[in-house]
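This report refers to the structure that appears directly beneath it.
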Amino acid sequence: MWNKPFEKLRRRMTCLYAAIFGALILVIVAAAYTFIWWEILAYEKENLVAQIYHEGEEWVESEEAPCSEAAIRSGKMLAYFVNADGSKVILNQLGTGEAGQELMSHKDDWPKKLNTSRLLRMQSANGASYRYLAAVAPVIDGDKQVGRLYMFKNMQFYYNAAYKTLFLLLCMALILYFAACYFGYWLAERNIRPISNMYAKQQQFTADASHEMRTPLAVMKLAVQGLQEVEDSRLSDFAKESVNMLQSESERLSRLTENLMTLARSDEDILPVYTAQVDITALCKKVASQMSLLTAEKKLQLKQEIQDNLVMQGDEMALSRLLIILLDNAMKYSPEQTQITLRAAKVKTHLVLEVRDEGFGISDEDKQKIFDRFFRVDKARSRSHGGLGLGLSLALAIVRQHGGSIKVLDNKPRGTVMYVKLPTAAK
Ligand code: ADP
């Protein structure tokens with residue numbers, strides 16, 4: 001069975017493969033199209049110049065006109081013959097049609113150097129477009145140049161053929177692209193499957209191990225409690241200290257196993273969601289009043305900016321845990337005499353929960369990592385506060401469980417803002 005992070009990874013990999021395949025297909029189509037077009041053009045240019053020489057020779061021999069009447073009428077091939085310095089027109093075969101007129105009005109664009117050619121794109125006033133390949137070559141009689149002959153070959157046929165080919169190529173590319181997407185999807189699954197299986201086994205192990213540790217831990221906690229209740233005089237100072245240490249460490253261990261179990265379940269998407277109408281205003285006030293004892297002890301001021309009548313569909317226990325995690329972090333990572341603000345407000349169809357502190361802040365680099373399991377920016381400081389590096393992973397799991405999002409921002413001038421956005425309706 002796929003678990004959620006891998007399904008996301010698979011989708012991301014498929015998109016990546018599809019983008020790479022798509023780009024490759026487009027590059028191949030563009031390269032093939034350009035190459036074919038370039039080859040045709042080079043061939044036609046060479047042919048047209050050769051034809052001008054041939055027509056020039058025939059003109060010199062028998063004054064035979066370069067273009068037939070039919071070619072001029074259909075606009076397939078037109079010609080313009082001038083003397084060597086271009087001052088006198090010897091023969092005008094541009095015809096009376098629109099194409100000839102357009103060519104005449106674009107005389108400046110004709111090729112200027114002998115034995116060269118140029119592609120002319122023209123648009124008439126009524127919107128018709130004309131594409132002609134124009135070439136110019138000398139007409140030589142013996143060793144004397146008697147003129148220069150311009151010939152114009154209609155290229156519209158090639159353009160029409162090229163558009164049709166391009167359309168066909170793009171259709172084929174689209175079919176290929178869909179096939180490539182399907183292949184990418186299949187490839188992504190093949191690549192991810194072994195990692196996903198290993199991950200699932202590891203998750204199962206974490207869930208089972210944490211579950212199995214619950215009972216011995218409960219027994220240990222009871223035993224330690226029993227020892228603590230033993231009359232003071234019967235235990236040495238060292239034993240008392242050891243028992244207290246055992247008690248705090250077994251508390252820590254049992255929190256760790258509970259959190260690990262919750263996270264393993266959230267990965268498998270089997271975190272139970274007891275959805276009901278939750279009075280967020282009341283919940284925020286309740287959690288804030290519970291936390292205010294701790295904030296007061298740390299000489300921190302807890303400010304509440306909680307809107308009235310905030311309600312949403314959700315799991316009250318989980319949402320309360322979310323608030324506690326965020327407020328607890330704000331408290332742990334803020335120096336004395338600073339202020340923490342809990343804000344709750346409705347923004348359109350969402351609720352915004354914001355915990356703002358004036359503490360040590362989080363660097364941009366660490367902002368990406370703090371939601372990772374067991375990640376702690378300052379391990380020593382976090383551990384001294386009893387931090388396990390799982391709080392924000394849990395917060396993220398709870399927010400996702402409710403279909404919301406969580407962001408970490410900088411507070412100005414210092415500190416951190418944890419910004420949670422939750423939909424008011426159930427997921
Ligand atoms: P922890 O149990 O260590 O607090 P969390 O997952 O809750 O674990 O937080 C991960 C790390 O993110 C913390 O160790 C701390 O370095 C950093 N962090 C979280 N909240 C804040 C905050 N409000 N200000 C500064 N750093 C924070």
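Keep in mind it's a predicted model, so treat the numbers as computed, not measured. Order of appearance sets the numbers: ligands from 1, and atoms from 1 within every ligand.
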Which of the atoms of ligand 1 are close to Leu390, meaning less than 4.0 Å from one of its heavy atoms? 6 (O), 8 (O)
Quick one: does Gly361 get within less than 4.0 Å of ligand 1, heavy atoms only? yes
For the side chain of Asp108 and the backbone of Trp110, is there at least one donor-acceptor N/O pair under 3.5 Å apart? no
Sub-4.0 Å atoms of ligand 1 with respect to non-hydrogen atoms of Ile362: 18 (N), 21 (C), 25 (C), 26 (N), 27 (C)
Before accepting this row, confirm whether a basic side-chain N of the pair Glu305/Lys303 lies closer than 4.0 Å to the acidic partner's carboxylate O. yes
With no hydrogens and no angle check, just 3.5 Å: does a side-chain donor-acceptor pair link Gln247 and Gln225? no
When you compare ligand 1 with Tyr333, is there at least one nitrogen or oxygen pair between them that comes in under 3.5 angstrom? yes
Under 4.0 Å from any heavy atom of Phe375, which atoms of ligand 1 are there? 10 (C), 11 (C)
Which atoms of ligand 1 have any heavy atom of Val377 under 4.0 Å away? 14 (O), 16 (O), 17 (C)
Proximal atoms of ligand 1 relative to Lys332 (non-hydrogen, under 4.0 Å): 1 (P), 2 (O), 4 (O)
Which is closest to atom 23 (N) of ligand 1 by heavy-atom distance: Asp357, Ile325, Asp328? Asp357
Return yes if some donor-acceptor pair links the side-chain N/O of Arg414 with the main-chain N/O of Glu358 below 3.5 Å, else return no. yes
Answer side chain, backbone, both or neither: which part of Phe371 comes under 4.0 Å from ligand 1, heavy atoms only. neither
Has ligand 1 got any nitrogen or oxygen that is less than 3.5 angstrom from a nitrogen or oxygen of Gly391? yes
Evaluating non-hydrogen atoms only, which member of Val408, Leu392, Leu394 is closest to atom 5 (P) of ligand 1? Leu392
List ligand 1 atoms under 4.0 Å from Gly389, heavy atoms only on the residue side. 1 (P), 2 (O), 3 (O), 6 (O), 8 (O)
Can you name the nearest heavy-atom pair linking Leu41 to Met155, along with the distance? CD1-CE, 3.7 Å
Sort out for me which residue in Glu44, Gln51, Lys45 forms a side-chain contact (heavy atoms from CB on, under 4.5 Å) with Leu48. Gln51
Would you please indicate if the ring centroids of Trp186 and Phe183 are separated by under 6.0 Å? yes
When you measure from the side chain of Asp315 to the backbone of Thr275, do you find a donor-acceptor pair of N or O atoms at a distance under 3.5 Å? no
